[in-house]
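These notes concern the structure reproduced below.
The basis for the numbers below is simple: all heavy atoms, side chains too, and nothing from hydrogens, waters or symmetry mates. Model, not experiment: these values are computed from the prediction.
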Amino acid sequence: MVNDAYAPELLRSLFLYDPVTGRLCHKANRRRVKAGSCADSTRRADGYRQVALRLDGKQYRVAWILEHGSIPDGLQVDHINGIREDNCLCNLRLVTQRENDQNRRKARGYGWNKGCSKWEAYIRVDGVRHHLGLFTSEAAARAAYLKAKARYHPSTPADLLQAA
């Protein structure tokens, strides 16, 4: 089942999308809106560009829907490069919630183990925590984590897999 089959046609009647720049503009004059004006000029507190469109209590990812149609249930739009205001079509992809959670900007798979007085690396795969080893340096623990992340979380953007 997909979210509201009528949404793509309705959104196409309201907005124009430039897949290269990622910007949305209003297609026609409406109350307090001029045709051609930017529809995504405001940003939410979390950094995403916002298009003020709510239909029947639901919000829509307008750029994706205009280019590809409805978003299947269980999937969500992800920004590949992690830049939330970059809505260029080449930067958008569909992922599951779990895949999207794996794109956190801060590496979370290593930390100091007080009991061993060493750095420990670990990773979660399908909800199960896997121990990757104990290390004498933070850099070695982070490297082990990033190597495992590349293997077990293939949707992770490449820039997240860089050693600090």
Start with the C-alpha distance between Arg124 and His130, add both sets of side-chain angles, then the distance that settles side chain to side chain contact (heavy atoms under 4.5 Å, CB included), and finish with yes or no. CA-CA 6 Å; Arg124 288 199 176 275; His130 296 275; over 6 Å; no
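Ile65 and Leu75 end up in the same hydrophobic cluster when Ile, Leu, Val, Met, Phe, Trp and Tyr side chains are linked at under 4.5 Å. Leu14 and Val33 sit in two unconnected hydrophobic clusters of ILVMFWY residues. Membership requires side-chain heavy atoms under 4.5 Å apart, directly or through other members. In the hydrophobic clustering of ILVMFWY residues, with side-chain heavy atoms under 4.5 Å counting as a link, Leu89 and Leu16 come out apart. There is a path of hydrophobic side-chain contacts, each under 4.5 Å, that joins Tyr152 to Tyr145.
Between Glu120 and Leu134 the shortest heavy-atom distance is CB-CD2, 3.7 Å. Between Gly36 and Cys25, the shortest heavy-atom contact is O-SG, 3.8 Å. The nearest pair of heavy atoms linking Ala144 to Leu132 is O-CD1, 3.8 Å.
Between Leu24 and Leu66 the shortest side-chain heavy-atom distance falls below 4.5 Å. Within the 4.5 Å cutoff, the side chain of Leu94 has heavy atoms near those of the Pro72 side chain. Looking at Lys27 and Ser13, their side chains never come closer than 4.5 Å, going by heavy atoms from C-beta outward. At a threshold of 4.5 Å between non-hydrogen side-chain atoms, the residues Ile123 and His153 count as touching.
The side-chain tip of Arg142 does not point at the ring of Tyr110 from less than 6.0 angstrom away and within 45° of straight on.
Residues Phe15 and His26 place their aromatic rings such that the two centres sit under 6.0 Å apart.
Taking the six-membered ring for Trp and thresholds of 30 and 60 degrees, Trp119 and Trp112 have ring planes more than 60 degrees apart, a perpendicular arrangement.
One N or O on the side chain of Asn29 and one on the backbone of Ala35 form a donor-acceptor pair closer than 3.5 Å. Under a 3.5 Å cut-off, the side chain of Tyr17 and the backbone N or O of Arg12 do not form any donor-acceptor pair. A donor-acceptor distance shorter than 3.5 angstrom exists from the side chain of Asn91 to the backbone of Ile80, with no hydrogens or angles considered. Put simply, the side chain of Lys118 never gets that close to the backbone of Asn113: no donor and acceptor are under 3.5 Å apart.
Checked options Asp78, Val77, Asn87; the residue passing with Trp64 is Val77 (criterion: side chain to side chain contact (heavy atoms under 4.5 Å, CB included)).
Atom OG of Ser37 and atom CZ of Arg30 lie 8.5 Å apart (nearest 0.5 Å).
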